Trainee: 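First the structure, then my questions, so here it is.
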Amino acid sequence: MTPKIQILVVEPSDIIREGLKALLDDDFVMQAPLRDIPADLPQRLPRLQPDILLINPTLLSSSAKMQLVAIQQARPSMSIVALVYQYVDARLLQQFKTVLDIRESGNKVSQLLRDSCQNDTESNEENYELSDRESEVLVLVAQGLCSKEIADKLNISIHTVNTHRKNITRKTGIKSVAGLAVYAMLHNMVN
């Protein structure tokens, strides 16, 4: 029997927390939810051992990137998923492995969370080489541009940019913007 996926939800709304709990199928166990992000969350994670941290990004502090890095370092095997139901800056959402919009169907919610837990080691072992266009997109991502800005600069659609970004993530095995920036610097793609 496959172990159930442990989810820690950080969300202030009782309605949303309870709705999620009702939607999740038998593959998931929802740990006692948190209403906000406690200062000692990184210290708690090794003890709680969630597979997924489902977090409302609006609860993050002004130094959200640093806060997410500390959380991820506390439990590297955990997927951090953004729970979204209002506007959140796209640059912040890029820091998350997956974005879950609460308007999704119950089946889609379960599948999205299940997919966020899957290990990408198979794609990392293939060690694909980036295409020229993917390299261009990677450089612009490393420079801090969002998908819309990249689309405007390269005269391509946002959908095409997002497809390139997914391919870059699949080929490099790197999911965060900061990690992609380091990758670009190590491969002498940016100064």
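All values derive from a computational prediction rather than experimental measurement. Just the heavy atoms: all of them, side chains too, but no hydrogens, waters or symmetry mates, feed the values below.
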Trainee: Measure the CG-CD1 distance between Leu68 and Ile55 for me, rounded to the nearest 0.5 Å.
Mentor: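 Leu68 atom CG to Ile55 atom CD1 measures 6.5 Å (nearest 0.5 Å).
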
Trainee: Would the number of heavy atoms belonging to other residues, nucleotides or ligands and lying under 6.0 Å from CD1 of Ile15 be above 12?
Mentor: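 Atom CD1 in Ile15 is not crowded, with 12 or fewer foreign heavy atoms closer than 6.0 Å.
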
Trainee: If I compare all heavy atoms of Pro42 with all of Ala74, which pair ends up nearest, and what's the gap?
Mentor: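 Result for this residue pair: O-CB, 3.1 Å.
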
Trainee: Can you confirm whether Tyr85 sits close enough to Ile16 that some side-chain heavy atom of one is under 4.5 Å from a side-chain heavy atom of the other?
Mentor: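 Answer yes - side chains close enough.
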
Trainee: Check whether any side-chain heavy atom of Glu136 sits under 4.5 Å from a side-chain heavy atom of Leu154, and report yes or no.
Mentor: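 Of all side-chain heavy-atom pairs linking Leu154 with Glu136, at least one is under 4.5 Å.
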
Trainee: Could you tell me if the side chain of Thr58 sits less than 4.5 Å from the side chain of Val88, heavy atoms only?
Mentor: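 Side-chain contact under 4.5 Å: yes.
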
Trainee: Out of curiosity, does Val137 fall in the hydrophobic cluster containing Tyr183 (side-chain heavy atoms, cut-off under 4.5 Å, transitive links)?
Mentor: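 Hydrophobic grouping puts Tyr183 with Val137.
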
Trainee: Enter the distance from Leu59:CG to Leu83:CG here, rounded to the nearest 0.5 Å.
Mentor: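 Going from the CG atom of Leu59 to the CG atom of Leu83 covers 9.5 Å.
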
Trainee: Side-chain contact test, heavy atoms from C-beta onward, threshold under 4.5 Å: evaluate it for Pro57 versus Leu93 and give yes or no.
Mentor: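 They are in side-chain contact.
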
Trainee: Would the distance check show the side chain of Ser105 and the main-chain N or O of Lys108 forming a donor-acceptor pair, the cut-off being under 3.5 Å?
Mentor: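 Pair found, side chain donor or acceptor close to backbone of Lys108.
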
Trainee: What pair of heavy atoms forms the shortest contact from Leu8 to Pro50, and how long is it?
Mentor: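 Nearest pair, atom of Leu8 first, then Pro50: CB-CB, 3.9 Å.
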
Trainee: Should Lys171 and Glu134 count as an ion pair when the cut-off is N to O under 4.0 Å?
Mentor: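 Yes, this pair counts.
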
Trainee: Mind checking whether Val109 and Ile5 sit in one hydrophobic cluster, side chains of I, L, V, M, F, W, Y counted as touching below 4.5 Å?
Mentor: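 As far as the 4.5 Å side-chain criterion goes, Ile5 and Val109 are connected within one cluster.
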
Trainee: Going by heavy atoms in the side chains, are Leu113 and Thr98 under 4.5 Å from each other?
Mentor: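 They are not in side-chain contact.
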
Trainee: Evaluate the side-chain proximity of Val141 to Leu145: yes if any heavy-atom separation is below 4.5 Å, no if none is.
Mentor: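 Leu145 does not reach Val141 side chain to side chain.
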
Trainee: Judged by atom type as modelled, is there a donor-acceptor pair below 3.5 Å linking the side chain of Lys97 to the main-chain atoms of Ser116?
Mentor: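 Side chain of Lys97 to backbone of Ser116, a donor-acceptor pair under 3.5 Å: yes, one is there.
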
Trainee: Do Met189 and Ser135 touch side chain to side chain, with heavy atoms closer than 4.5 Å?
Mentor: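 Met189 reaches Ser135 side chain to side chain.
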
Trainee: Test side chain to side chain contact (heavy atoms under 4.5 Å, CB included) on Ile102 and Val84; report intermediate values, then the result.
Mentor: CA-CA 6 Å; Ile102 65 164; Val84 177; over 6 Å; no

Trainee: Could you check whether any side-chain N or O of Gln72 sits under 3.5 Å from a backbone N or O of Arg75, counting only pairs where one atom can act as donor and the other as acceptor?
Mentor: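 Checked: pair present.
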
Trainee: Can you name the closest pair of heavy atoms from Arg17 and Pro33 and give their distance?
Mentor: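 Closest approach of Arg17 to Pro33, heavy atoms only: CD-CB, 3.3 Å.
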
Trainee: Can you see which heavy atom on Leu180 is nearest to which on Ile174, and at what distance?
Mentor: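 Looking at all heavy atoms of both residues, the shortest contact is N-CG2, 3.5 Å.
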
Trainee: Give a yes or no on whether Val81 and Val69 share a hydrophobic cluster (residues Ile, Leu, Val, Met, Phe, Trp, Tyr; joining criterion: side-chain heavy atoms under 4.5 Å apart).
Mentor: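 No, Val81 and Val69 fall in different hydrophobic clusters.
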
Trainee: Could you go through the side chain to side chain contact (heavy atoms under 4.5 Å, CB included) check for Thr169 and Lys166 one step at a time?
Mentor: CA-CA 5 Å; Thr169 296; Lys166 286 178 186 175; 5.7 Å; no

Trainee: Ignoring hydrogens and angles, write down the donor-acceptor pairs under 3.5 Å from the side chains of residues 22-30, residues two or more places apart or on other chains.
Mentor:
| from | atom 1 | to | atom 2 | distance (Å) |
| --- | --- | --- | --- | --- |
| Asp25 | OD1 | Asp27 | N | 3.0 |
| Asp25 | OD1 | Arg114 | NH2 | 3.2 |
| Asp25 | OD2 | Arg114 | NH2 | 2.6 |
| Asp27 | OD2 | Arg114 | NE | 3.1 |
| Asp27 | OD2 | Arg114 | NH2 | 3.0 |

Trainee: Going by atom types only, do Asn107 and Gln111 share a side-chain donor-acceptor pair under 3.5 Å?
Mentor: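 Note: Asn107 and Gln111 side chains miss the donor-acceptor criterion.
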
Trainee: Could you measure the distance from the CD1 atom of Ile37 to the CG atom of Asn56? Nearest 0.5 Å is fine.
Mentor: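 The CD1 atom of Ile37 sits 8.0 Å away from the CG atom of Asn56.
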
Trainee: Could you please spell out the steps behind the salt bridge (Lys or Arg N to Asp or Glu O under 4.0 Å) verdict for Asp14 and Arg35?
Mentor: CA-CA 9 Å; Asp14 291 335; Arg35 291 182 173 276; 2.8 Å; yes

Trainee: Shortest non-hydrogen contact from Gln94 to Cys146?
Mentor: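 Looks like NE2-CA, 3.9 Å.
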
Trainee: Should Leu138 and Val190 count as side-chain neighbours, where that means a heavy-atom distance under 4.5 Å?
Mentor: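 No, every pair of side-chain atoms sits at 4.5 Å or beyond.
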
Trainee: Look at the side chain of Glu11 and the backbone N and O of Ser13, then say whether any donor-acceptor pair between them is shorter than 3.5 Å.
Mentor: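 Yes, Glu11 side chain to Ser13 backbone: donor-acceptor pair under 3.5 Å.
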
Trainee: Using only heavy-atom distances, determine whether the side chains of Ser176 and Gln95 contain a donor-acceptor pair under 3.5 Å.
Mentor: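 Absent: no donor and acceptor within the cut-off.
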
Trainee: Strictly distance-based, threshold 3.5 Å: is any side-chain N or O of Gln31 a donor or acceptor partner for the main-chain N or O of Ile7?
Mentor: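 Between the backbone of Ile7 and the side chain of Gln31 there is no qualifying donor-acceptor contact (under 3.5 Å).
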
Trainee: Does either side chain, that of Thr160 or that of Ser157, offer a donor lying less than 3.5 Å from an acceptor on the other one?
Mentor: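 Yes, side-chain donor-acceptor contact under 3.5 Å.
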
Trainee: Hey, quick one: are Met66 and Leu92 part of the same hydrophobic cluster, counting side-chain heavy atoms closer than 4.5 Å, chains of contacts allowed?
Mentor: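 Result: no, two separate clusters.
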
Trainee: Atom CG in Asn167, atom NE2 in His164: separation rounded to 0.5 Å?
Mentor: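 Rounded to the nearest 0.5 Å, the CG-NE2 separation comes to 7.5 Å.
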
Trainee: Is there a side chain to side chain contact (heavy atoms under 4.5 Å, CB included) between Leu34 and Val9 once you walk through the steps?
Mentor: CA-CA 6 Å; Leu34 302 171; Val9 177; over 6 Å; no

Trainee: Got a second to check how far Ile80's CD1 is from Met78's CE, nearest 0.5 Å?
Mentor: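 Reported value, rounded in 0.5 Å steps: 4.5 Å.
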
Trainee: For residues Leu60 and Phe96, report the shortest heavy-atom separation together with the two atoms involved.
Mentor: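 Heavy atoms of Leu60 and Phe96 come nearest at CD1-CZ, 3.8 Å.
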
Trainee: How long is the span from the CG atom in Leu140 to the CD atom in Glu149, to the nearest 0.5 Å?
Mentor: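 Answer rounded to 0.5 Å: 9.5 Å.
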
